[in-house]
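For ligands, and for the atoms within them, numbers begin at 1 and follow the listed sequence. Values below: all heavy atoms of this structure, side chains included; hydrogens, waters and symmetry mates excluded.
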Amino acid sequence: MNKQGDLIVISGFAGAGKGTLVKRLISEYDRFALSISMTTRSPRNGEKDGREYFFVTKEEFEKTIAEDGFLEHACYVGNYYGTPKAYVMEQMSKGKDVILEIEVQGALQIKEKFPQAFLIFVTPPDAETLRKRLIGRGTETPDVVEKRLLRAKEESVLMDRYDAILINDDIDTCVKDAVSYIDAAKASPKRCYEFLERIREELK
Ligand code: 5GP
């Protein structure tokens, strides 16, 4: 109902399948745009600068903080991650719903700055599935897997700050559910402010 698009935050435990969910949403629905984050972590095999992330040095990251270039930023398992501001604002003004795939601290910063942002937390059906997926992915050393599991435990405390909990048992269902949650969220008065203003004006 608004001309301006919305901010959709997608978080979830490492290994919850949020990466796959986000890829599907972007490739199957034209209305979404994906924010590419900046990070100081090293690229994994097959990752490309400017596609998965903008891979930068700690100095470059800190320079962007100083220039107020981030909508939010956070430290996750020893590395910085941040959402560059300009692209997100530009896409929202074009009417796109912009997806931020970010961790919990960043998500809560977004909620503070943009109360109309819609926050979804993606989780596997149980902790054992999470552990298996994280180990099975094979992209991380056992030490990093352990750190990510510990982080999941910390993040689970903050899940209730989200607007929706999305259980990823089956990815097709998960994609459909995500879209219906987003559609339903758009009917909330706090996301229909342009419409509310217009109809109030018309009724004067
Ligand atoms: P990974 O290293 O596995 O790509 O990402 C680690 C975590 O950082 C994931 O939970 C991911 O969603 C999160 N993340 C990615 N980009 C950003 C960002 O720009 N800001 C914040 N706060 N978290 C991010």
Side-chain angles (χ1 to χ4, degrees), residues 7-26 32-58 60-65 67-89 91-92 98-114 117-124 130-131 133-159 161-162 164-166 168 174 178:
L7 269 181
I8 313 292
V9 173
I10 300 189
S11 304
F13 303 129
K18 60 187 186 302
T20 313
L21 166 68
V22 168
K23 276 195 198 112
R24 293 265 312 255
L25 290 173
I26 294 295
F32 297 123
L34 177 65
S35 157
I36 314 277
S37 297
M38 217 181 250
T39 183
T40 58
R41 95 152 154 69
S42 312
R44 294 188 185 122
N45 266 349
E47 284 184 337
K48 206 172 137 211
D49 188 43
R51 190 179 62 195
E52 281 79 14
Y53 284 105
F54 295 106
F55 296 98
V56 297
T57 60
K58 196 162 172 260
E60 286 170 300
F61 197 99
E62 282 167 351
K63 187 167 169 267
T64 311
I65 298 177
E67 291 168 353
D68 194 25
F70 289 121
L71 278 187
E72 62 70 41
H73 62 90
C75 192
Y76 177 91
V77 192
N79 286 300
Y80 277 133
Y81 295 82
T83 303
K85 199 187 271 181
Y87 177 81
V88 174
M89 303 319 283
Q91 292 298 313
M92 279 172 67
V98 184
I99 298 180
L100 312 184
E101 189 210 320
I102 62 178
E103 54 66 68
V104 175
Q105 296 170 67
L108 297 179
Q109 290 175 41
I110 293 288
K111 189 176 163 149
E112 190 76 27
K113 280 193 202 161
F114 302 89
F118 185 60
L119 276 63
I120 303 177
F121 195 95
V122 188
T123 168
L130 181 68
R131 197 168 284 121
R133 282 193 200 160
L134 208 47
I135 294 167
R137 200 155 77 168
T139 52
E140 256 77 42
T141 59
D143 176 49
V144 173
V145 169
E146 273 319 304
K147 281 193 185 140
R148 287 183 174 229
L149 282 170
L150 195 66
R151 183 61 183 244
K153 192 173 145 193
E154 290 164 13
E155 287 180 344
S156 68
V157 178
L158 296 167
M159 282 166 80
R161 307 281 299 275
Y162 282 69
I165 302 295
L166 182 59
N168 181 11
C174 185

Result for ring-ring contact (aromatic ring centres under 6.0 Å, His included) between F61 and one of F54, F70, F55, Y53 points to F70

Residues pairing under salt bridge (charged side-chain N to carboxylate O under 4.0 Å, His left out) where one sits in residues 36-46, two or more places apart or in two chains, turn out to be R41-E47, R44-E47, R44-E140

Tightest non-hydrogen contact, residues Q91 and A33, listed as OE1-CB, 3.7 Å

Hits for salt bridge (charged side-chain N to carboxylate O under 4.0 Å, His left out) against R24, two or more places apart or cross-chain, chain-then-number order -> E28, D172

For R131, the side chain to side chain donor-acceptor pair (under 3.5 Å) test, sequence neighbours excluded, returns E128

message = Less than 4.0 angstrom from a charged side-chain N to a carboxylate O is my criterion; do E52 and K48 meet it?
response = no

Pocket residues around ligand 1 (non-hydrogen, under 4.0 Å) come out as K18, S37, R41, R44, Y53, E72, A74, Y76, Y81, G82, T83, E101, I102, E103, G106, R148

